Amino acid sequence: MEVLFVSPEVFPFARAGGLGDVSHHLPRVLASRGHNVRIITPKYRQTEKAAYPLTVRAEALRVPLSWQDKAARILSATAEGGVEVFFVEQEELFNRAGLYGNEYGDYEDNAERFIFFSRSVLEAVKRLDLRPDIIHCHEWPTGLVPVYVKTLYRNLPNLQNSATVYTFHNLGWQGRFWHYDFAMTGLDWGLFTPKGLEFHGLVNMTKGGLVFADAISTVSRKYAAEVLTPEYGFGLEGVLQKRRQDIYSVLNGVDYMAWDPSTDPALPANYSSDNLAPKEVCRKELSAIFGLPQDGLPVVAMISRLLDRKGLDLIAGAREDILALDLRLVFMGMGEDHNQVMLTELAAERPDRVGVKIMYDQDLAHRIMAGADIFLMPSRYEPCGLEQLYALKYGTVPVVRATGGLDDTVVDCREDPSRGTGFKFADYTKESLVDALKAAAEYFGKRSQWQELMHRGMAQDFSWPRAAAEYEKVYEMALAKIK
């Protein structure tokens with residue numbers, strides 16, 4: 001298949017979060033499976049730092065924006081796996097310190113920036129004479145692309161056999177903007193209705209993708225069901241219910257070249273499922289890094305953005321009960337000020353039990369994953385999650401809330417002892433969190449059973465080739481809908 005991958009961020013050229021990783025790994029693996037995959041993304045200030053040679057592919061690309069045209073250039077580079085990446089260069093809109101905002105919040109002109117980007121994708125298809133079978137769009141900054149394919153560009157010869165797939169990775173971010181911004185799209189105002197892009201008087205770019213794409217996907221089976229409810233649908237549950245037959249779920253993958261304890265260069269000692277003994281070296285190093293006693297108590301780790309929705313509000317409410325358990329805690333991350341203060345104070349009060357790093361460091365993340373015994377993810381919602389997948393591979397038993405991808409990827413050993421890989425709790429309460437941690441700490445004392453749990457987790461396969469095979473099926477279903 002000819003696949004055009006449309007994403008607002010692509011590692012190593014620009015990355016703000018996990019989407020950048022997905023936009024790197026999935027195209028590469030699809031290409032290795034015989035597909036001709038190209039990517040198109042904005043050219044940010046970060047892009048230059050990737051130090052890839054860029055070639056100009058199109059000068060003075062005119063992109064309609066409201067009553068005027070804005071000029072752009074299309075550049076390209078060859079990424080890992082031979083995947084060609086196109087960059088939309090528009091200095092005024094994209095040459096900035098951040099991708100979506102800065103320390104003061106989102107950029108005020110994000111509507112203009114990503115309306116421009118979405119339409120530039122179609123203009124680039126025309127100028128470069130691309131003829132994609134699949135246009136795979138990711139997250140709200142690309143939500144208008146399926147709209148344009150079905151409306152203003154429906155007669156473009158290059159797109160007569162093209163199907164669109166829209167993937168939402170987190171419905172909490174939708175690209176909602178002032179209704180006057182709709183004029184910049186160039187679309188007929190007849191589309192600004194509850195059946196189109198209007199959302200409580202605002203323009204909703206995610207809604208555009210959900211309404212107009214030939215197929216919709218998200219990043220876990222449980223999350224695909226959750227978003228049909230008011231609790232997780234963020235106001236779009238009605239739209240999703242109408243299109244539920246067109247929604248598919250594909251778990252994100254893990255790059256096991258980077259996340260494998262048997263080869264990980266960041267670790268003080270490498271280990272595998274066949275030889276777990278060196279994990280103790282990693283455990284001792286982790287305790288030393290965080291200034292914790294080196295003893296037989298299980299070490300519980302959490303690497304996360306320090307946000308309430310990641311479960312930090314539960315931890316704050318249950319702090320005394322958690323400290324009463326026979327375990328030690330390490331945290332690394334940055335986020336909301338009140339959570340950073342709460343954890344810092346906790347470490348100051350109980351340095352024998354709690355270690356905290358208000359930062360993010362990739363090598364340290366690997367060391368934490370290898371040195372901990374238990375990995376904690378008590379999220380209020382988690383569309384997919386990757387850290388629990390890393391934890392499984394590293395023999396670090398996950399304790400998670402049964403939501404989204406966490407529920408799909410962790411089997412509670414209390415419910416299924418023969419298949420269990422971790423511990424889950426359902427209710428978003430501090431009592432449920434404490435009960436799950438207590439159960440894990442007690443299970444840790446059963447050494448042979450705990451090692452069986454580790455072995456089962458390390459044997460799980462959440463590789464990108466598995467995910468790519470599932471996306472191929474989604475692409476085929478999308479193409480079937482336009483025949």
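Small disclaimer: the values here were computed from a predicted structure and weren't measured.
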Quick one: which of E91, E89, E92 gives a salt bridge (Lys or Arg N to Asp or Glu O under 4.0 Å) with K70?
E92

Please verify the inter-ring angle class for F192 with F182; under 30° counts as parallel, over 60° as perpendicular, anything in between as tilted.
tilted

Got more than 12 heavy atoms from elsewhere within 6.0 Å of NZ, K242?
no

Given side chains that start at C-beta, do those of V219 and V22 come closer than 4.5 Å, heavy atoms only?
no

Strictly by modelled atom types, are D313 and Y428 linked by a side-chain donor-acceptor pair under 3.5 Å?
yes

Looking only at the side chains, is there a donor atom on one of S304 and E387 sitting less than 3.5 Å from an acceptor on the other?
no

Step by step, work out the salt bridge (Lys or Arg N to Asp or Glu O under 4.0 Å) result for K222 and D408.
CA-CA 6 Å; K222 181 67 175 287; D408 285 355; over 6 Å; no

Does the distance from a Lys or Arg side-chain N to an Asp or Glu carboxylate O, for D308 and R380, drop under 4.0 Å?
no

Carboxylate-amine/guanidinium contact D264 K393, below 4.0 Å:
no

Just by distance, with hydrogens left out, do D129 and N158 show a side-chain donor and acceptor under 3.5 Å apart?
yes

Test item: side-chain donor near acceptor, S7 and T41, under 3.5 Å:
no

Would you call the rings of F11 and H24 parallel, tilted or perpendicular, where under 30° means parallel and over 60° means perpendicular?
perpendicular

Tell me whether K473 is salt-bridged to E470, with the criterion being a basic N under 4.0 Å from an acidic carboxylate O.
yes

Is there a donor in the side chain of H25 and an acceptor in the side chain of N252, or the other way round, less than 3.5 Å apart?
no

L306: which of M342, M332, H338, Q340 passes side-chain contact (heavy atoms from CB on, under 4.5 Å):
Q340

Begin from the C-alpha positions of E48 and K43 and carry the test salt bridge (Lys or Arg N to Asp or Glu O under 4.0 Å) through to its verdict.
CA-CA 8 Å; E48 300 288 350; K43 179 180 178 288; 2.6 Å; yes

Ring pair (Phe, Tyr, Trp, His ring centres under 6.0 Å) between F5 and H138: does it pass, once the steps are laid out?
CA-CA 8 Å; F5 210 84; H138 293 262; 4.4 Å; yes

Assess, by modelled atom type and distance only, whether the side chains of Y381 and E231 contain a donor and an acceptor separated by less than 3.5 Å.
no

One thing to verify: whether K310 and E382 come together as a salt bridge, which I'm taking to mean a side-chain N less than 4.0 angstrom from a carboxylate O.
yes

Say whether, by atom type as modelled, one donor and one acceptor occur between the side chain of Y256 and the main chain of F462 under 3.5 angstrom.
yes

Nearest heavy-atom neighbours spanning A468 and R33
CB-CD, 3.8 Å

Measure from NZ or CZ of R57 to the centre of the six-membered ring of F86 and say whether it is under 6.0 Å with the direction within 45° of the ring axis.
no

Would you say the ring centers of H136 and Y471 fall short of 6.0 Å from each other?
yes

Nearest heavy-atom contact between I115 and Y148 is CG2-OH, 3.9 Å

Do you see a donor-acceptor pair shorter than 3.5 Å between the side chains of Y153 and E123?
yes

